[in-house]
Number of protein chains: 2
Amino acid sequence: MDPKQLLKEHIAKTAKLSDNEHDDFFNYFTPKSYKKGEYIITAGDRVDCEYFVLSGCIKTFYINDNLKMFVLQFAMPACWASDYNALYNREKATIGVGCITDAEVLCLSNNAREEACKRIPQVEHFFRARMTGEYVASQKRLLSTMNNNVKYRYEELITLFPELYNMVPKRLIAAYMGVSRETLSRLHNP
Amino acid sequence: MDPKQLLKEHIAKTAKLSDNEHDDFFNYFTPKSYKKGEYIITAGDRVDCEYFVLSGCIKTFYINDNLKMFVLQFAMPACWASDYNALYNREKATIGVGCITDAEVLCLSNNAREEACKRIPQVEHFFRARMTGEYVASQKRLLSTMNNNVKYRYEELITLFPELYNMVPKRLIAAYMGVSRETLSRLHNP
DNA sequence: GAAAAAATGTGATCTACATCACACAATTTG
DNA sequence: CAAATTGTGTGATGTAGATCACATTTTTTC
């Protein structure tokens with residue numbers, strides 16, 4: 001789909017932008033393309049942008065001291081990704097962002113977002129709604145992690161996002177659920 | 001501390017309200033008092049308000065089908081608490097809110113917040129910043145849960161919030177970490 | 001301040017998942 | 001298309017934390 005249209009429909013779910021305002025807002029973004037396997041943010045980087053996914057699939061992840069990876073998010077089209085702690089608090093990245101497939105994104109810098117929020121109240125409203133939604137989703141995931149076993153959570157995930165089953169290697173899905181790839185593999189034949 | 005002043009200083013960390021604007025905003029709140037053990041929100045309720053804690057300690061929690069409780073948050077003074085999923089999406093509460101000690105709060109209804117956000121841009125800015133912060137914190141907690149063992153997370157929690165050690169029963173701290181009270185108890189003498 | 005209720009400690013046993021090890025399959029690369 | 005790389009399946013074994021059971025301590029209530 002046309003990038004501008006995808007963004008417009010995404011925003012329309014929570015905020016009301018006039019066509020002029022949307023044109024205005026859209027100009028704050030810059031498009032970029034990445035190849036499968038490329039990294040958009042690597043731990044230690046200065047983080048300047050958040051990324052709105054147009055096509056492909058992107059992961060955000062954390063790697064601990066033992067080099068074990070945890071996936072925070074699989075970002076499909078019309079999702080946003082970045083290291084928000086680093087972005088908002090001007091700290092170095094501890095979260096990485098990488099491409100699971102070839103991907104196109106729209107980049108929005110911290111400064112651009114803040115300026116757009118100041119100039120266009122409905123843009124600030126949109127980002128408030130977005131962050132509220134992310135917070136609620138993150139809490140739900142935390143609860144599900146504490147409450148349900150691996151099998152249940154795996155089926156929950158694949159039911160919610162069937163695309164992931166073929167698009168994403170199982171070891172990354174295991175890393176999303178915080179279990180070893182062996183354990184995930186053993187769910188089929190118990 | 002004076003409720004108005006506590007709220008003012010809390011907001012000042014992320015938004016700039018003139019004294020007039022703050023007076024205006026403050027009028028949207030209504031104060032309430034609760035006794036230790038009382039519930040502010042019970043699962044199944046219609047949720048109309050979020051709560052800004054003035055004094056005491058409040059928990060937000062989820063109870064699963066086996067009646068096992070998980071604590072999402074210990075809200076101390078200058079923290080906010082509610083079931084945000086229910087509040088924003090006009091659904092019935094699945095998260096409860098209860099008082100660990102006697103507590104005083106300021107209630108802000110959904111309508112009041114939205115009206116204040118519309119009329120006072122810096123109020124909308126404040127809530128955006130707040131939700132961004134909550135999202136980042138929630139992700140950090142998820143990572144810590146997947147990455148660290150109980151002992152580490154317990155010490156992390158008590159280091160960050162030493163008040164909890166004496167104020168909150170250990171079984172609730174266990175419920176916050178998603179482990180049994182027995183396991184928490186065994187951390188002392190391993 | 002005695003009785004009841006709630007919270008905590010501690011042993012014994014069970015279990016979901018981790019880790020290690022290696023075979024096999026699929027995908028990428030030159 | 002052959003070789004190298006990356007991903008997946010599966011057995012054997014180890015372990016953190018759950019669960020059950022009961023004793024002890026602390027707090028609440030009348």
Side-chain angles (χ1 to χ4, degrees), chain A residues 34-39 56-57 59 61 63-71 74 98-103 142-158 164-190, chain B residues 34-39 56-57 59 61 63-71 74 98-103 142-158 164-190:
Chain A
Y34 295 91
K35 288 281 164 206
K36 176 174 177 173
E38 276 191 272
Y39 292 96
C57 181
K59 67 175 191 275
F61 60 95
I63 293 179
N64 75 7
D65 300 341
N66 307 321
L67 303 182
K68 189 166 161 181
M69 176 192 289
F70 297 90
V71 171
F74 297 112
C99 299
I100 295 177
T101 66
D102 291 358
L142 180 69
L143 271 183
S144 184
T145 301
M146 295 203 293
N147 199 9
N148 303 120
N149 65 16
V150 181
K151 183 163 193 184
Y152 184 93
R153 280 152 51 211
Y154 179 63
E155 283 160 7
E156 183 180 59
L157 181 71
I158 295 301
L164 291 179
Y165 188 83
N166 288 314
M167 188 178 253
V168 174
K170 300 284 169 289
R171 46 168 269 273
L172 288 184
I173 295 186
Y176 178 87
M177 301 200 301
V179 300
S180 68
R181 53 166 203 85
E182 292 95 330
T183 294
L184 186 67
S185 170
R186 276 186 256 265
L187 293 183
H188 316 304
N189 306 8
Chain B
Y34 295 91
K35 286 282 165 203
K36 175 174 177 173
E38 277 192 272
Y39 291 97
C57 182
K59 66 175 191 277
F61 61 95
I63 293 180
N64 76 5
D65 299 342
N66 307 322
L67 303 183
K68 189 166 160 182
M69 175 191 290
F70 297 91
V71 171
F74 296 112
C99 299
I100 295 176
T101 66
D102 291 357
L142 180 69
L143 272 182
S144 183
T145 301
M146 296 203 293
N147 199 8
N148 303 120
N149 66 15
V150 182
K151 183 162 194 184
Y152 183 92
R153 280 152 51 212
Y154 179 63
E155 282 160 8
E156 182 179 57
L157 181 71
I158 295 301
L164 292 179
Y165 188 83
N166 288 314
M167 189 178 251
V168 174
K170 301 283 170 289
R171 46 168 271 272
L172 288 184
I173 295 184
Y176 178 88
M177 301 200 301
V179 300
S180 68
R181 55 168 200 84
E182 292 95 329
T183 294
L184 185 68
S185 170
R186 275 187 257 267
L187 293 182
H188 316 303
N189 307 7

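Just so it is clear: chains get the letters A, B, ... in the order the sequence lines come, proteins before strands, and each one is counted from 1. None of the values given here were measured: they were computed from a predicted structure.
Atom CG in B:Leu172 sits about 13 Å away from atom C1' in C:dT8, given to the nearest Å. The distance from atom CG of A:Leu187 to atom P of D:dT8 is 13 Å, rounded to the nearest whole Å. For the pair B:Leu184 CG and C:dT8 C1', the computed distance is 10 Å after rounding to whole Å. The separation between B:His188 atom NE2 and C:dT10 atom C1' is 12 Å, rounded to whole Å. Atom NZ of A:Lys170 is separated from atom P of D:dG7 by 12 Å (rounded to the nearest Å). Put simply, CG on A:Asn166 is 16 Å from P on D:dG7, counting in whole angstrom units. Remark: P of D:dA18 and CE of A:Met146 are 12 Å apart, rounded to the nearest angstrom. What separates CZ of B:Phe70 from P of D:dA18 is a distance of 9 Å, to the nearest Å.
A cation-pi arrangement is present between B:Lys170 and B:Tyr165, with the terminal nitrogen or guanidinium carbon under 6.0 Å from the aromatic centre and inside a 45° cone about the axis.
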Would B:Tyr176 and A:Met146 count as a side chain to side chain contact (heavy atoms under 4.5 Å, CB included) if you check the C-alpha gap in whole Å, the side-chain angles of each, and the deciding distance to 0.1 Å?
-> CA-CA 10 Å; B:Tyr176 178 88; A:Met146 295 203 293; over 6 Å; no
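Scanning atom types as modelled, no donor and acceptor separated by under 3.5 angstrom connect the side chain of B:Arg181 and the base of C:dT10. Judged by distance alone with a 3.5 Å cut-off, no donor-acceptor contact links the side chain of A:Glu182 to the base of C:dC17.
Within the nucleic acid shown, B:Gly178 comes within 4.0 Å of sugar-phosphate atoms alone, with no base atom in reach, counting heavy atoms only.
Between A:Pro169 and B:Arg153, it is A:Pro169 whose nearest contact on DNA chain D lies nearer the 5' terminus.
In this model, the phosphate group of D:dA18 is approached by a side-chain N or O of B:Thr183 to a distance below 4.0 Å at OP1 or OP2. The phosphate of D:dT28 has OP1 or OP2 within less than 4.0 Å of a side-chain N or O from B:Lys36. An OP1 or OP2 oxygen of D:dG7 is reached within less than 4.0 angstrom by a side-chain nitrogen or oxygen of A:Arg171.
Scanning all heavy atoms of the two residues, the minimum distance from A:Lys59 to A:Leu172 falls at CD-CD1, 4.1 Å.
Within the 4.5 Å cutoff, the side chain of B:Cys57 has heavy atoms near those of the B:Met167 side chain.
Between the A:Asp102 side chain and the A:Lys35 main chain, no donor and acceptor come within less than 3.5 Å of each other.
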